Amino acid sequence: MQNRLTLDWTKVHDVVPIEKELSENFPRYVEAKKKLIMGDGPGHEFTGWLQISNLLDEWKRIQEVSQNIKSHSDAVVIIGIGGSYIGAKALYQAFNNDLSKNWKGSPRLFWAGHHLSTDEALDLLEVLDEYTPSIIVISKSGTTTEPSVFFRILSQYLYQRFGSDEAKERIFCVTDEKEGVLRKIAEQEGYEAFTIPANVGGRYSVFTSVGLLPLAVAGLSVEDFIAGANMASLDCLSESNHGSETHLALVYAALRNILYSKGYKVESLCSWTPKLHALGEWWKQLMGESDGKQGTGILPTSVEFTTDLHSLGQYFQDGERILFASHIYSKGTRSAAHPMIQGSLKIPTSRNDDQMQCVDHKSLEFVQEQAFLATILAHADGKVPTLVWELPEISPFWLGYWMYTQCFACAVGGYVRGINPFDQPGVEAYKQHMFALLGKKTGGSEIRSRLERGQRLKTIGLSTYG
Ligand code: PA5
């Protein structure tokens with residue numbers, strides 16, 4: 001097994017000969033890297049995530065508190081939205097999903113505060129009755145609507161169920177060090193609180209207590225995750241690492257921007273296991289919120305193969321040629337623990353003629369590898385520039401390494417495009433309308449009349465019900 005992350009862009013070059021442009025442009029990426037490290041670029045006040053070793057002040061307390069949580073809780077609800085939950089969920093889902101029977105003696109994690117769905121809220125409240133839960137509420141600002149609403153609902157649930165003294169022992173906060181409503185609430189109520197550093201923005205915060213506390217509670221090897229991210233930070237920040245052969249984040253940033261300039265406006269992160277679904281969501285948030293600025297930016301999407309080869313696969317192969325694919329792939333799979341299987345999962349012969357004798361006794365891993373190879377070739381033939389991130393294995397270490405590399409590429413690529421990859425002014429628009437409608441600020445009646453004006457174009461559907 002090759003013990004490093006690799007980025008293969010051969011099948012970008014096969015579709016769009018790009019090598020010359022990459023080498024001509026590369027010095028701009030080296031400059032942008034310097035700017036990022038020197039703190040000379042836009043949003044430089046949010047680059048505290050660059051040095052992973054600076055983010056570990058609370059690690060010892062996280063370990064102690066997570067042990068305490070495990071001792072009295074068999075479920076923990078993580079309340080947060082955007083960067084305040086999706087990184088932790090990505091890792092949790094990669095190693096513990098609905099099919100995992102063995103929760104390694106750690107509490108089961110549930111997620112809330114990332115939506116406003118009543119159905120989902122009611123389901124959660126019902127299922128929590130079967131557990132002895134705690135909650136971790138994560139919000140840097142402390143004023144985000146969705147987590148605030150769910151914090152009210154779930155803290156009231158704990159107070160009613162356990163009484164105020166015990167409820168207070170079951171509520172944990174992760175928020176800004178000094179500023180913000182949640183910090184004040186934690187102090188007033190005596191909840192244990194952890195810090196999101198002021199100089200780290202939400203979507204770059206998975207390496208802080210935002211990611212580390214939930215993952216420690218879930219029993220993930222957080223040390224390995226930190227070690228992977230730390231190694232990536234050393235590789236990305238190294239003063240001697242400026243090579244287009246060796247600096248993965250710079251090459252990736254350059255490839256993305258060059259493809260974008262040639263009309264490839266949509267990037268799809270293609271994973272090869274349902275376990276990486278939430279990682280795709282994390283990546284979309286990172287890239288989408290960072291890149292989509294001033295009427296420009298790649299639209300990030302994600303798919304899981306081979307599942308989506310039977311749906312969006314048609315568009316990849318034959319739709320408008322605006323799409324490039326970034327695969328995240330690993331040949332390394334875990335060895336099988338099931339007594340029916342020795343070593344790798346082998347496909348048995350069929351009792352019938354299913355016309356699939358070609359897979360007799362082959363490992364599932366082997367079959368997937370052929371599907372992977374066939375896909376990247378077919379897509380390249382279909383003029384989809386295709387690059388492949390190959391991980392030695394899907395492990396906390398290598399996901400930590402890969403996630404940090406994505407953050408670095410996202411920041412550098414943004415600087416070269418002349419945007420601020422650390423702000424998100426666009427997400428305010430819906431909030432301002434919603435606050436007016438909720439009465440948090442003025443202007444509600446004007447918004448309502450604008451909505452009503454739109455109704456003249458409503459088409460009323462037929463109903464045969466009743
Ligand atoms: O990347 C970001 O900054 C956002 O996605 C935030 O993480 C998200 O809006 C949640 O914000 P907060 O942690 O303040 O509740």
Side-chain angles (χ1 to χ4, degrees), residues 42-50 55 58 77-91 111-116 135-155 171-186 191 193-214 278-293 297 300 302 403-404 406-411 413-414 419-435 438 440:
H44 58 84
E45 62 279 24
F46 293 111
T47 52
W49 54 274
L50 281 172
L55 302 176
E58 292 187 329
V77 186
I78 312 299
I79 304 173
I81 195 165
S84 288
Y85 93 109
I86 192 65
K89 187 169 179 186
L91 284 141
W111 310 88
H114 56 287
H115 60 78
L116 291 168
I135 61 180
I136 299 176
V137 55
I138 307 175
S139 177
K140 190 171 182 196
S141 61
T143 52
T144 309
T145 306
E146 294 87 340
S148 299
V149 166
F150 272 80
F151 184 43
R152 283 193 185 195
I153 295 169
L154 290 166
S155 55
I171 296 176
F172 302 85
C173 304
V174 183
T175 188
D176 191 86
E177 189 175 4
K178 297 194 194 87
E179 305 286 319
V181 182
L182 189 55
R183 176 62 61 179
K184 271 202 204 95
I185 295 175
Y191 303 146
F194 293 86
T195 298
I196 307 176
N199 60 1
V200 180
R203 57 193 176 274
Y204 295 84
S205 70
V206 63
F207 314 109
T208 72
S209 304
V210 170
L212 306 188
L213 179 62
L279 186 73
E281 300 301 310
W282 173 84
W283 177 86
K284 284 192 292 199
Q285 195 226 351
L286 172 70
M287 295 301 185
E289 232 179 1
S290 302
D291 262 357
K293 305 274 159 73
S302 64
M403 289 167 91
Y404 182 94
Q406 298 302 303
C407 291
F408 203 91
C410 179
I419 51 125
N420 178 353
F422 301 113
D423 65 0
Q424 54 282 331
V427 299
E428 286 308 309
Y430 99 92
K431 287 187 194 168
Q432 294 316 312
H433 289 342
M434 177 177 69
F435 290 151
L438 288 171
K440 185 173 179 177

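Computed from a predicted structure; not experimentally measured. If you read the sequence from its start, that first residue is 1, and numbering goes on from there. First listed ligand is number 1; within each ligand, the first listed atom is number 1.
- Among all protein heavy atoms, the one lying closest to atom 11 (O) of ligand 1 is T144 OG1, 3.6 Å.
- Judged purely by distance below 3.5 Å, without hydrogens or angles, the side chains of T208 and S205 never pair a donor atom with an acceptor atom.
- For atom 14 (O) of ligand 1, the nearest non-hydrogen atom from the set G180, S141, G202 belongs to S141.
- Listed by atom number, the atoms of ligand 1 under 4.0 Å from I81 heavy atoms are 7 (O), 8 (C), 10 (C).
- Taken from CZ in R203 to CD in E289, the straight-line distance is 4.5 Å, to the nearest 0.5 Å.
- In terms of modelled atom types and a separation under 3.5 Å, the side chain of K89 and the main chain of W111 share no donor-acceptor contact.
- For H115 and F150, the ring centers sit closer than 6.0 Å to each other.
- Inspection of the T195 and E177 side chains reveals no N or O donor paired with an N or O acceptor under 3.5 Å.
- Annotation: side chain of I138 is not in contact with side chain of T175 (no heavy-atom distance under 4.5 Å).
- Heavy-atom proximity to G83, at under 4.0 Å, picks out these atoms of ligand 1: 5 (O), 6 (C), 7 (O).
- Not one N or O of G82 is nearer than 3.5 Å to an N or O of ligand 1, by distance alone.
- Atoms of ligand 1 lying under 4.0 Å from any heavy atom of Q424, numbered from 1 in the order shown and given with element: 3 (O).
- The distance from ligand 1 to the heavy atoms of R203 drops below 4.0 Å at these ligand atoms: 1 (O), 2 (C), 3 (O).
- Looking only at distances, a side-chain donor or acceptor of N420 sits under 3.5 Å from a matching main-chain atom of F422.
- Checking only distances, K431 never comes within under 3.5 Å of ligand 1, N or O to N or O.
- Protein heavy atom nearest atom 5 (O) of ligand 1, with residue, atom name and distance: Q285 NE2, 2.6 Å.
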Item to check | S148 vs T145, side-chain hydrogen bond (donor to acceptor under 3.5 Å, both in side chains): CA-CA, chis, key distance, verdict | outcome: CA-CA 5 Å; S148 299; T145 306; over 6 Å; no

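- Among protein heavy atoms, the minimum distance from atom 4 (C) of ligand 1 is reached at E289 OE1, 3.6 Å.
- Proximity to S84 (heavy-atom distance under 4.0 Å) selects the following atoms of ligand 1: 7 (O), 12 (P), 13 (O).
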